[in-house]
Structure formats: C-alpha cells, structure tokens
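Each remark here refers to the structure printed beneath this line.
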Protein chains: 2
Amino acid sequence: MADEKPYHHGDLRAALLAAAEADIAEHGIEAFSLRQVARRAGVSHAAPAHHFGDAAGLLTALAAEGYRQFLAAQLARVRVAGDGPADRIVASGLGYIDFAMARPALFRLMFGSARPDHCEAELNRAAGDAYRHLVDIVTSGGGRTMADEAAVWAMAHGLADLLSAGRLTPIAALEPAARDAVLATILRRIVPEKP
Amino acid sequence: MADEKPYHHGDLRAALLAAAEADIAEHGIEAFSLRQVARRAGVSHAAPAHHFGDAAGLLTALAAEGYRQFLAAQLARVRVAGDGPADRIVASGLGYIDFAMARPALFRLMFGSARPDHCEAELNRAAGDAYRHLVDIVTSGGGRTMADEAAVWAMAHGLADLLSAGRLTPIAALEPAARDAVLATILRRIVPEKP
DNA sequence: TCTCTATCTTGACGGTGTCAGGATGTATGA
DNA sequence: TCATACATCCTGACACCGTCAAGATAGAGA
C-alpha cells in the first residue's frame with residue numbers, strides 16, 4: 001500500500017523501456033514521443049531525461065535490449081534443432097524471423113531506424129554478440145567465404161524484414177507449422193554446400 | 001530574369017520533392033521536417049500544404065516516384081543482361097541493390113517507413129508495378145511456387161537492405177565490378193532450378 | 001479591363017524535445 | 001537522533017514542429 005503515487009517510482013527505467021516498446025508497437029516508430037511515453041509510465045514529461053539523457057538514449061537502450069532478445073530467439077530455435085550444421089543454420093534463421101514477426105516495431109528500431117545511436121557501447125556490444133552468433137553458425141555449418149556469410153544473413157534478414165512489414169502475405173497467412181516448413185525450405189537453399 | 005523572388009515559384013511541386021529527398025538523404029527520414037524542406041525550396045512554411053496536403057502527402061508522392069525509379073533501375077540491368085532466364089533474375093536483383101545503395105534514404109522511405117500512406121492510389125500503383133515485374137521475372141525464369149517468388153525477393157531485398165544500411169561492409173567496400181560479381185554469385189544460388 | 005482562381009504568405013494554436021532550477025524522498029554519518 | 005548529501009522526479013520556459021484559417025499576389029479568361 002501507500003503506493004498511490006509515490007514520489008520515487010521504484011523502477012522507472014524499466015517502466016519507461018516497457019512503455020516505449022508498447023508505444024512504438026501501437027503507433028510506430030515515426031510517432032514516438034518522449035512525452036507520450038512519460039504519460040504512459042505516469043511520470044512528468046522530463047522524468048525520462050534523468051535515466052536516458054534524451055530520446056535517442058531511451059531508444060538506444062531499447063534497441064540494445066532488443067538485440068539481446070533477438071539473439072535469444074535464435075538460440076531458442078537452435079536448442080531444439082537437429083545437430084546437423086545445416087539444421088542449425090536453418091534454425092537460427094527461423095529464430096531471426098520469429099523475432100521480427102513477433103516484435104516488428106522493435107525489429108525496425110534495430111535495423112531500420114537512425115534514431116538509436118548505433119555507436120553507443122552497450123548497443124554496439126549487443127549487436128556485435130548477435131553478429132558473432134551468425135558468423136559462428138555459418139562457419140560451423142561449412143561456410144568458408146564472405147559470400148556464404150552474406151548469403152545466409154541476407155536471406156534470413158530479407159524474409160524477416162518483408163514478413164514483419166506485412167509483405168509476403170501468402171506466407172505470413174500460413175499457420176505457424178506450415179509457415180516454418182516453407183521458410184525452412186527457402187533457408188535450406190542457401191546453406192553452403194559441404195566441401 | 002526578374003526571377004529574384006517571383007511570387008509564383010513555377011514548379012514548386014517538383015522543387016519540394018527534390019528538396020525533400022535531399023533532406024532525408026542528408027539528415028535521415030527521422031529528422032524530416034516540412035518547414036525545413038520549405039526553407040530549402042525558398043518558400044514559406046505552409047506552401048507545401050497546397051500541393052501535398054500534409055507531410056504524409058509529400059512523403060507519399062516521394063515514395064511513389066521512388067518506386068518508379070526503383071523499377072527503372074531493375075529494367076536497366078535486365079536490358080543489358082543475357083537472355084537466359086537466370087540471367088534476368090540476377091540482373092533484376094542487381095538493379096534492386098543498385099537502387100538501394102544509390103538512394104538509401106529513399107529506399108528506406110519506401111520499404112521501412114510508415115510515414116508514407118501505402119494505401120494511396122498513386123503509390124499503390126507504382127509499388128504494384130514493381131511487384132508485378134518481380135513476379136514476371138521469376139515465373140519466366142522457371143519459378144512455379146510461392147516459395148520461389150519469396151526466395152528471390154527476400155534474397156535481393158535482404159542484400160539491398162543490409163548494404164544500404166552500411167552493414168555487410170566487406171562487400172560494400174569492394175569496387176563495383178567485384179561487388180557485382182559477388183552479389184551475382186549469391187543471387188544465382190536461389191534461382192529456381194529448371195524443371 | 002475586370003474578375004476569378006490558383007498559388008503563396010502570415011499568423012496562430014497545440015504538441016514536442018530539451019534545458020534550468022526547484023521540490024521531494026532516501027541514505028549517510030556524526 | 002538528526003542534519004546533511006544525494007538521487008530522483010517535477011515545474012516552467014524556450015524554440016521548433018505540423019496544421020489550420022485568413023489574407024495577399026499574380027496570372028488566366030471574360
């Protein structure tokens with residue numbers, strides 16, 4: 001009790017991040033408003049500045065958290081996939097697409113927006129971790145060249161971006177199991193040939 | 001002469017479109033400002049409203065023009081490509097990527113922004129023309145299934161999006177001829193097999 | 001020449017991000 | 001215990017933004 005309106009929020013930082021993601025999920029990144037997010041979290045319009053500096057700081061922190069969950073989505077798929085190197089590449093691609101379809105606004109913030117500061121240390125590290133996972137998966141799957149890596153990344157990213165943007169509707173309309181099957185077939189096409 | 005500051009601009013509509021593209025190319029779509037564009041074109045802050053209604057109207061018209069040039073970039077590559085069906089698919093993909101790398105801000109406006117009204121008639125038609133070209137190229141290249149179409153589109157789009165965003169730097173750093181060779185190799189991997 | 005209309009300007013309104021300075025709790029240390 | 005220091009949050013102000021209404025200007029047609 002006694003929590004009707006405590007002066008100190010408790011965990012305002014986390015609340016603001018959650019409010020920001022809800023806001024961009026509802027209205028899109030273009031309509032993002034720091035004051036709107038503050039209202040949603042029930043604090044004054046200048047409260048976010050103390051935790052994030054400015055609007056770019058909040059979106060940067062949100063994108064960094066996004067990259068961590070993005071990597072987790074890929075690892076979750078890999079964990080339940082077969083042991084073959086091709087299976088792991090396909091599974092990782094499906095995780096890539098899972099995340100993009102489940103959190104389209106966050107995905108666009110990470111890959112299609114200039115508002116986060118992509119040079120900031122925490123965001124850079126989170127994005128680097130995800131990239132290193134990609135390289136590991138591809139090289140352990142027999143990939144040798146720069147083209148192998150680019151092909152796998154671009155295929156997963158292209159499917160994820162188009163699907164999360166509401167294109168490729170015939171595939172997006174499939175039920176999950178059938179959709180996974182089609183996407184796995186496509187992803188398997190560009191798995192580097194075993195030597 | 002007598003053009004020091006004519007009250008009537010002459011072709012303000014075209015001037016505003018050019019100013020808008022220059023603006024988003026310099027500062028990104030997120031920093032787009034209608035007043036800034038008006039200043040760049042040398043007119044008052046409310047002048048754009050007469051031609052485009054509001055900011056979304058201007059960006060919608062700009063995106064529609066972008067789709068026309070996007071299709072033209074693909075056709076230009078196809079025109080100088082070999083006659084084989086696979087050659088035409090690869091050429092179209094290279095044109096897709098050409099456009100994204102040459103006009104990254106415009107590409108993002110078209111594919112990664114919710115500010116244009118993607119339901120508006122002119123934009124919808126221009127985007128539909130580009131999509132129909134894709135389907136034509138794929139089906140004439142032996143594609144039969146929904147997966148064939150999605151695979152070609154996603155591969156070209158993934159490469160284009162990543163390259164235009166400054167990722168895949170090892171490929172972006174190559175000189176044009178070498179880059180084309182690498183990209184063509186990647187694109188050829190997903191060309192549907194001849195029956 | 002006179003009027004009509006498209007074009008552009010001016011001025012105002014509410015909303016936004018950011019900054020400075022003040023208010024309010026919480027923790028520290030005598 | 002209590003006073004001081006600090007982190008946290010609020011209030012108020014400023015310039016900028018998009019949009020609307022109303023007025024000024026120029027060219028076109030009668």
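Letters A, B, ... mirror the listed sequences (proteins, then strands); counts begin at 1.
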| task | Measure from the ring center of B/Phe111 to the ring center of B/Tyr67 and say whether it is less than 6.0 Å. | result | yes
| field | Where protein sits on nucleotides 12-17 of chain D, one letter per nucleotide: B base, S sugar-phosphate only, - none, heavy atoms under 4.0 Å | value | BB---S
| Tell me the salt bridge (charged side-chain N to carboxylate O under 4.0 Å, His left out) pairs involving residues 49-67 of chain B, sequence neighbours left out? | B/Glu65-B/Arg68
| request: Provide, to the nearest angstrom, the distance between the CZ atom belonging to A/Arg13 and the P atom belonging to D/dC9. | output: 12 Å
| said: If you take any heavy atom closer than 4.0 Å to DNA chain D, which residues from residues 112-123 of chain A end up in contact? | reply: none
| message | I need the residues from residues 17-27 of chain B with at least one non-hydrogen atom less than 4.0 Å from DNA chain C; give them sorted by number, or say none. | response | none
| message | Less than 4.0 angstrom between a side-chain N/O of B/His50 and OP1 or OP2 of C/dT7, yes or no? | response | yes
| remark: Hits for side-chain hydrogen bond (donor to acceptor under 3.5 Å, both in side chains) against A/Arg77, two or more places apart or cross-chain, chain-then-number order -> A/Asp98, A/Asp180
| message | Going by side-chain hydrogen bond (donor to acceptor under 3.5 Å, both in side chains), name the residues that satisfy it together with A/Thr145, two or more places apart in sequence or in a different chain. | response | A/Asp148
| task | With sequence neighbours excluded, give me every ring pair (Phe, Tyr, Trp, His ring centres under 6.0 Å) pair touching residues 113-145 of chain A. | result | A/Tyr131-A/Trp153
| query | Does the side chain of A/His51 get closer than 4.0 angstrom to OP1 or OP2 of D/dA7 through an N or O atom? | reply | no
| field | side chain to side chain contact (heavy atoms under 4.5 Å, CB included) partners for A/Glu26, two or more places apart | value | A/Arg40
| request: May I have all residue pairs that pass ring pair (Phe, Tyr, Trp, His ring centres under 6.0 Å) and include part of residues 34-57 of chain B, sequence neighbours excluded? | output: none
| field | Atom-pair distance (CZ on B/Phe52; C1' on C/dC8), nearest Å | value | 14 Å
| query | Other than B/Val80, which residues form its hydrophobic cluster under the rule that side-chain heavy atoms must be closer than 4.5 Å? | reply | none
| request: Indicate, with a heavy-atom threshold strictly under 4.0 Å, whether B/Ala47 touches base, sugar-phosphate, or nothing. | output: base
| field | Shortest non-hydrogen separation from A/Ala156 to A/Gly93 and the atoms involved | value | CB-CA, 4.2 Å
| Rounded to the Å, how far apart are A/Leu16 CG and D/dT8 C1'? | 12 Å
| note | The side-chain hydrogen bond (donor to acceptor under 3.5 Å, both in side chains) partners of B/Arg39 (sequence neighbours excluded) come to B/Gln36
| request: Any salt bridge (charged side-chain N to carboxylate O under 4.0 Å, His left out) involving residues 167-179 of chain B? Give me the pairs, sequence neighbours left out, ordered by first then second residue. | output: none
| Roughly how many Å is it from CG in B/Leu12 to C1' in C/dC8, rounded to a whole number? | 8 Å
